[in-house]
Chemist: 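Mind looking over this structure? Questions follow.
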Amino acid sequence: MNIDEAKLNDFLGKAVGDLGAAISASLMLVGDRLGLYRALASEPATPAELAARTGTHERYLREWLGNQAAGGYVSYDAGSGRYRLSNEQALCLADPDGPVDLPGAYNIVEDTFHTLDRTVENFRSGQGMEWGEHHPCLFHGTERFFRAGYHAHLLGEWLPALDGVVEKLARNGKVADVGCGHGASTVLMAKAFPDSQFIGYDYHPESIRIASERAMAAGVDNARFEVADATGYSDRDFDLIAFFDCLHDMGDPAGAARHAHQALKADGHCLLVEPFAGDKVEDNLNPVGRVYYGASSQICVPVSLARHGPALGAQAGEARLRSIMVDEGGFSRFRRATETPFNLVLEARP
């Protein structure tokens with residue numbers, strides 16, 4: 001066997017970087033749960049100062065801070081011996097209302113270890129795993145991670161990119177949020193458009209319970225939540241039906257598209273927010289695609305297979321989604337309304 005030593009060293013360097021990231025995943029959760037990131041965002045600190053401020057043990061924090069600084073998640077000043085978060089680090093690690101909530105994403109990673117044995121068996125058998133069979137950390141992490149994107153883009157970019165939707169919702173619109181989870185997107189829209197009515201649907205009863213509590217806590221009285229799957233809700237005459245990061249998970253995405261088509265007004269809109277993906281495998285061999293393929297193989301595909309679905313996967317791509325909505329769902333118009341580095345934002349019209 002001929003080994004190119006330079007290529008071997010390059011590969012091992014990458015592997016060590018990935019190993020460092022993997023062993024640090026649980027420490028990200030430690031930093032979030034103990035308030036370490038939030039404390040560093042407010043003021044730089046030595047390990048002893050951070051321990052005193054957060055009620056934690058200084059010896060453990062020395063190791064945690066070393067790990068975080070080595071990975072570039074915390075900044076270190078050798079002169080003062082203090083650690084801090086830059087504005088950019090704090091935005092992603094210590095601001096749940098910021099544009100990216102990284103600790104929320106690590107709750108999703110946490111779930112994959114809870115379900116590891118089941119995932120191994122699924123790879124052997126081809127069986128699926130229902131959404132509700134996952135550890136609750138998945139549901140909370142999904143809400144946290146995606147909520148940040150909704151706060152950053154939904155009201156200011158995604159809805160305005162749909163032809164005439166903002167005007168309809170400002171007057172007196174009716175909106176369905178299908179696969180609403182804990183209701184972050186529903187509540188955000190309901191607060192922004194108090195003259196419209198919003199209904200969140202999800203087939204996971206516990207998520208609907210939490211969504212209802214979140215709406216009540218937010219003082220929202222123009223939104224309600226119902227347990228129903230994407231082909232089972234009975235309301236009609238919607239101005240907007242939204243699927244936020246969920247159509248690719250479904251057991252019957254074509255049926256969900258047909259049901260939405262029938263439930264919309266003649267001039268209504270269907271909004272699909274899906275993971276950013278190209279239509280070819282080679283288009284997705286990048287850091288974002290790596291994250292999505294990882295989540296897809298352990299969460300998205302099993303959820304669809306559990307209901308004997310087509311298992312579109314998180315990297316379905318625009319062409320496949322167009323076929324679902326137009327060829328199988330009955331919509332006549334379909335376009336990419338806008339995009340982010342993480343999302344395709346697609347609009348379908350009857």
Side-chain angles (χ1 to χ4, degrees), residues 13-14 16-54 56 60-110 137 140-158 184-185 188 244-245 273 275-277 284 286-292 294-295 338-345:
K14 175 177 177 54
V16 168
D18 289 346
L19 181 60
I23 199 65
S24 302
S26 56
L27 293 178
M28 295 280 292
L29 296 171
V30 168
D32 180 60
R33 292 175 187 177
L34 294 179
L36 305 180
Y37 293 122
R38 293 188 295 277
L40 284 175
S42 66
E43 185 179 355
T46 65
E49 291 167 343
L50 184 60
R53 197 183 304 164
T54 57
T56 53
Y60 282 108
L61 290 194
R62 280 159 51 192
E63 301 303 300
W64 183 84
L65 287 163
N67 165 273
Q68 296 289 292
Y73 285 75
V74 165
S75 302
Y76 177 61
D77 178 36
S80 67
R82 284 185 168 85
Y83 297 82
R84 67 179 181 87
L85 289 184
S86 68
N87 292 337
E88 294 75 20
Q89 290 164 335
L91 187 66
C92 297
L93 296 170
D95 183 359
D97 294 321
V100 179
D101 187 348
L102 280 178
Y106 280 85
N107 287 130
I108 300 173
V109 174
E110 180 186 7
C137 65
H140 293 288
T142 299
E143 184 213 11
R144 283 188 60 177
F145 184 64
F146 287 107
R147 179 183 62 198
Y150 303 152
H151 277 278
H153 302 290
L154 176 54
L155 300 179
E157 300 171 27
W158 297 348
S185 50
L188 183 63
F244 290 100
D245 291 287
V273 177
F276 193 97
N284 303 318
N286 52 60
V288 172
R290 185 186 188 190
V291 171
Y292 283 143
T338 187
E339 63 186 56
T340 76
F342 294 102
N343 300 101
L344 292 173
V345 181

Chemist: Q89 side chain to G72 main-chain N or O, any donor-acceptor pair under 3.5 Å?
Modeler: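 Checking the backbone N and O of G72 against the side chain of Q89, a donor-acceptor pair under 3.5 Å is found.
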Chemist: Output the distance between atom CG (L93) and atom CD (Q68), rounded to the nearest 0.5 Å.
Modeler: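 Interatomic distance, L93 CG to Q68 CD, rounded to 0.5 Å: 7.5 Å.
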Chemist: For the residue pair H153 and W158, categorise the inter-ring angle as parallel (less than 30°), tilted (30 to 60°) or perpendicular (more than 60°).
Modeler: parallel
Chemist: Looking at every non-hydrogen atom in both residues, tell me the closest pair between S75 and S86 and how far apart they are.
Modeler: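 So the minimum-distance heavy-atom pair works out to OG-N, 4.4 Å.
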Chemist: For a side chain to side chain contact (heavy atoms under 4.5 Å, CB included) check, start with the C-alpha distance between T340 and F276, then their side-chain angles and the critical distance, and finish with the verdict.
Modeler: CA-CA 8 Å; T340 76; F276 193 97; over 6 Å; no
Chemist: Could you tell me whether the side chain of L36 reaches within less than 4.5 Å of the side chain of T54, counting heavy atoms only?
Modeler: yes
Chemist: Checking side chain to side chain contact (heavy atoms under 4.5 Å, CB included) for the pair R38/D95: CA distance, chi angles, key distance, verdict?
Modeler: CA-CA 8 Å; R38 293 188 295 277; D95 183 359; over 6 Å; no
Chemist: Provide the closest heavy-atom pair for R53 versus P44 in the form atom of the first, atom of the second, distance.
Modeler: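 R53 and P44 have their closest heavy atoms at NH2-O, 3.4 Å.
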Chemist: If you take all heavy atoms of G104 and F145, which pair is closest and at what distance?
Modeler: C-CB, 4.2 Å
Chemist: Any donor and acceptor pair, going by atom type alone, linking the side chain of S24 with main-chain N or O of L27 inside 3.5 Å?
Modeler: no
Chemist: Nearest 0.5 angstrom please: I23 CD1 to D18 CG, how far?
Modeler: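 One gets 13.0 Å once the value is rounded to the nearest 0.5 Å.
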Chemist: Side chains of L154 and F244: closer than 4.5 Å at any heavy-atom pair?
Modeler: yes
Chemist: If you round to the nearest 0.5 Å, how far is CG of L61 from CD of E49?
Modeler: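 With rounding to 0.5 Å, CD (E49) is 12.0 Å from CG (L61).
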Chemist: Using 0.5 Å steps for rounding, measure from the CZ atom of R82 to the CD atom of E43.
Modeler: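 Going from the CZ atom of R82 to the CD atom of E43 covers 8.0 Å.
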Chemist: Let me confirm one number: the OH-OH distance from Y76 to Y83, rounded to the nearest 0.5 Å.
Modeler: 5.0 Å
Chemist: Are E110 and R144 within salt-bridge range, i.e. N to O under 4.0 Å?
Modeler: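 Salt bridge between E110 and R144, a charged N being under 4.0 Å from a carboxylate O: no.
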Chemist: Between P47 and G81, which heavy-atom pair has the shortest distance, and what is it?
Modeler: CD-O, 4.1 Å
Chemist: Quick one: are T56 and L50 in side-chain contact, heavy atoms under 4.5 Å?
Modeler: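 In short, these two side chains do not touch, never coming nearer than 4.5 Å.
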Chemist: Between N343 (side chain) and V345 (backbone), is there a donor-acceptor pair under 3.5 Å?
Modeler: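 No, the answer is negative, given that no donor and acceptor are paired below the 3.5 Å cut-off.
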Chemist: Hey, could you give me the CG/CZ distance between L65 and R84, rounded to the nearest 0.5 Å?
Modeler: 13.5 Å
Chemist: Is any side-chain heavy atom of L29 closer than 4.5 Å to one of V109?
Modeler: no
Chemist: Please find the pair of heavy atoms, one from N107 and one from G141, that lie closest to each other, and give the distance.
Modeler: CB-CA, 3.4 Å
Chemist: Give the minimum heavy-atom separation between A148 and G98, together with the two atoms involved.
Modeler: CB-O, 3.3 Å
Chemist: Is the shortest heavy-atom distance from the side chain of M28 to the side chain of Y73 under 4.5 Å?
Modeler: yes
Chemist: Hey, does V273 have a side-chain heavy atom less than 4.5 Å from the side chain of L344?
Modeler: no
Chemist: Count the heavy atoms of every other residue, nucleotide or ligand shown that sit under 6.0 Å from OH of Y150, and state whether that count exceeds 12.
Modeler: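 For Y150, atom OH is crowded (more than 12 foreign heavy atoms under 6.0 Å).
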Chemist: Show your reasoning for whether side chain to side chain contact (heavy atoms under 4.5 Å, CB included) applies to V100 and L91.
Modeler: CA-CA 7 Å; V100 179; L91 187 66; over 6 Å; no
